[in-house]
Amino acid sequence: MVVFHLLTIVVSVSSISLSSSFTHCPTKMSSPATSSSLSKMARRSTRLKSSPYFSGLGGNFKHQTSTSPFFASSIGSPSTSYDKKEKEPSSMPRNMIKRKFSDTQVEKFASSPTKKSKASPSKAKSSTIIERTQSFEPAWWGNILLNRTHSHIVETTNSYSELNMQESNEWNSLNYPPVHTLILGTHPSVASLSKNQFYGHPQNAFWYLVGDALQFRRCEAVSPSTNKPYVYFYDHLRYGMDKIIPYDRQLEALVSKGFALWDIVQECERKGSLDVDINLEVANPIKELCDGTMFHGVGKGVKRIVIANGTTGASFFVKHFKHWFKEGGIVAAQDELSQRVFKNAMNSARNSSIKHGGNKRSERMIQVVCLPGVSPAAAKFTYLEKRDAWERGCFGPGLMDYEDWKKHVHLQSTTTPKKKRGIQNDDISSKSVSRLTSPKSLSSSPSKTSSIRILSSDVAALTPENDWVDLKVPPEELRPSATLTNGQCFNWFVVDNDVINIDDSSSRKSAWGTHDAKEWVGPLRNRVLSIRETPTTTLYRVLHGPTAGTTDDLRKYFCLETPLAPLYKEWSSADARLAKIAAVIPGCRILRQDPLECMFSFICSSNNNIPRITKMLSSFRQKYGNFMMAIPAQNYDDISLYSFPTLESLTLATEADLRSMGLGYRAKYMTETRDLLLKCGGEDFLLGLRTEKNGQVVQDSLIQFSGIGRKVADCIALFSLDQEDAIPVDVHVQQIASRDYDPKVLGNAKSITPTIYRQVGDLFRTRFHSYAGWAHTLLFVAELPSFRGVLPVDIVQEMDQWREQEQRKKQDMNKRT
């Protein structure tokens, strides 16, 4: 780093040094050999070869005698001062560089200038003073946890070269996962540079979101200047003041789970901290990192790249890595925002593939996910909206990858135990990681991408004396693929077909990635059942529990006493758009669930996503329910299935126990609801609401319980209490109402007030009359991304056009304010 700083100050030496240092660049870093790229790679090589951790990770540079503490200070060290109130930055940014460049060098930095970048008269001179800033080095466990663990050796040797790297690598593979998720900011803000921290501004949402996902709190969320709470976060954070940990521990908690941090822009000219003001930028070699040609192949396991600064960050990523899309190495994620912002890049990639007769696709395709920006400037999303999107697109799948890795390591350690060698993890790090790790429990996410697989051949071997039984219900009356996986319930596992030849002509896409599923297994009251969808009917088989009465119980569970085809016909006559949807998504029904199970399940659903809900409930069942049977699974031990706990068994639950299972702030809601329900009469109170004809009375009766608002109350009412006209209203349902029925329903309100909530529900009830809640659910299912493939083209185009129109309105409103 000392070499690099000298190069930045002495202009005459700079150009010579940059040219000569290219000869030391790692041979694995490949990019077009233009004058611009040579300059980029030369600067990169100078920075990397002075990094104290690079040689210890298998780099090609020899360790320099004068090592720089730059990155160690940038990530926070044990000696870093710490204030729970996150004081505003006051010192000058460490990475602000004042340099003198010739016009030729400026052109190299601006090899692909942004639209906002225009040459000013002052830049037309032969020599100009330019202030440029540099990003941090990438942060992952190898240079965060490993660097700190080896610090006592570095203090005496000043080099990693004396470590036995073979032993160290063996230790690493047993303790930390491969990097699965690379989170990219655009470029550090002034506050981040000043504090030498990623996302360092006290009102940046990033570390608050990480804390809510990994069970800690960033800080008090109180302004040091006014001593008032940051209202954007304060009331929504999941953890209290006792969970506050300093920045270096926050970073350790994140990278120990396999996440990595970096920036899109390596260095740039910028006045202030806004991304739109970035000019003359140079991109970081992100592709080289993910190709494994940096840091001893650390990036080879990356599955997803997350753009942390919304559409603006995505535009910089596309600008510098559009060729990567064309090469087939990256692809836009399936969520609506990612599909929209990367639409042009994906179209260009497809056109290029067609033009050249089909490019050879990469064996490993990385998903690129664009999420709502975490910057304080990205205020069009609420904190809760950001948290939901980040948990669905980043932390949820990332933590599932981490859990899969742990299971894989556990299997390796039990089948081929090895003696641990090398340096052992220090107590502080191990406690930090173990505190933030969820209790070992099964995640019953319906996603088929998990390494846990249940095979139909294994299920067929269970209870072979029980045959398949036909429910004798045609496809237009019931399709489990459109009913069991649309978010009503959280207790069914997908079974992969490995032996049964089922005609796939009636395949329907479902909400959570199980569009090709034809069989499910799961606990239902006192039984474990296997459900199979065929082209003509639905079958079931009892794997555990009594066989007598199962047909009647399943017919009640699927509400088969209510004919669905006449309702589809009635709804279609009232709404031409629904008629098109009904034609391609038949058999979408409302379930009649156990009210107690439904109530506690949807308390867990608030501000949550499907994988985390199912994981919470799996731990909940295991702790307080009764063991029923084990289901064989691939790449994992047998899956133990438990009944849902009774209200009596829940009297043993404490808030601390529930928090330890990962329920977070919901633990208090669960215990308070249990106590009040016991006072009200228990399950009989809930069953009594099934006969109540006034839906408002049912809603009012439910919202008295802790953690149950109007939407959750209507979910419970619709999915378990026979309230067919209950309409759970969230932002998606409000958007359907605004787009298709009444554009003025929201008015000037920025959130869903009780009045608006009632008005939106009335729009559905007035239009559909009979079973309006069922009709609303069919429309909601059609909005889910996984169903886009079966919808008519005009419906999909209408959805996309409306979203773009709403986005423009928001942008115009933000400009005016």
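Below, all heavy atoms of this structure are taken into account, side chains as well, without hydrogens, waters or symmetry copies. Here the structure is a predicted model, which is why all the values come from computation and not from measurement.
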S.K.: Does the ring center of Tyr239 lie less than 6.0 Å from the ring center of Phe216?
M.R.: no
S.K.: Just say parallel, tilted or perpendicular for the rings of Phe206 and Trp390, cut-offs at 30° and 60°.
M.R.: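 The rings of Phe206 and Trp390 stand perpendicular, inter-plane angle above 60°.
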S.K.: Which residue is it: Val255, Leu251, Leu184, Thr181? I am looking for the one with a side chain to side chain contact (heavy atoms under 4.5 Å, CB included) to Leu261.
M.R.: Leu251
S.K.: Identify which one of Lys406, Lys303, Lys257 satisfies the salt bridge (charged side-chain N to carboxylate O under 4.0 Å, His left out) criterion when paired with Asp401.
M.R.: Lys303
S.K.: Under 3.5 Å, side chain of Ser256 to main-chain N/O of Glu252, donor-acceptor pair present?
M.R.: yes
S.K.: Going by an N to O cut-off under 4.0 Å, is there a salt bridge joining Asp275 and Arg270?
M.R.: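 The answer is yes: the pair qualifies as a salt bridge.
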S.K.: Are the side chains of Leu214 and Leu399 in touch, meaning some heavy atoms are under 4.5 Å apart?
M.R.: yes
S.K.: So, for Tyr247 and Trp207, is the gap between ring centers shorter than 6.0 Å?
M.R.: yes
S.K.: Given Arg132, which partner from the list Glu269, Glu267, Glu281 fulfils the salt bridge (charged side-chain N to carboxylate O under 4.0 Å, His left out) test?
M.R.: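 That would be Glu267.
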S.K.: Pick out which of Asn284, Thr133, Asp263 makes a side-chain hydrogen bond (donor to acceptor under 3.5 Å, both in side chains) with His187.
M.R.: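 Exactly one option meets the side-chain hydrogen bond (donor to acceptor under 3.5 Å, both in side chains) with His187, and it is Thr133.
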S.K.: Check this for me: does any side-chain nitrogen of one of Arg238 and Glu391 sit under 4.0 Å from a carboxylate oxygen of the other?
M.R.: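 So Arg238 pairs with Glu391 through a salt bridge.
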S.K.: Does the Trp141 side chain pair with the main chain of Pro177, one donor and one acceptor, at a distance under 3.5 Å?
M.R.: yes
S.K.: Parallel, tilted or perpendicular: which describes the rings of Phe233 and Tyr230, with under 30° parallel and over 60° perpendicular?
M.R.: perpendicular
S.K.: Does the gap between the ring centers of Phe259 and His180 come in under 6.0 Å?
M.R.: yes
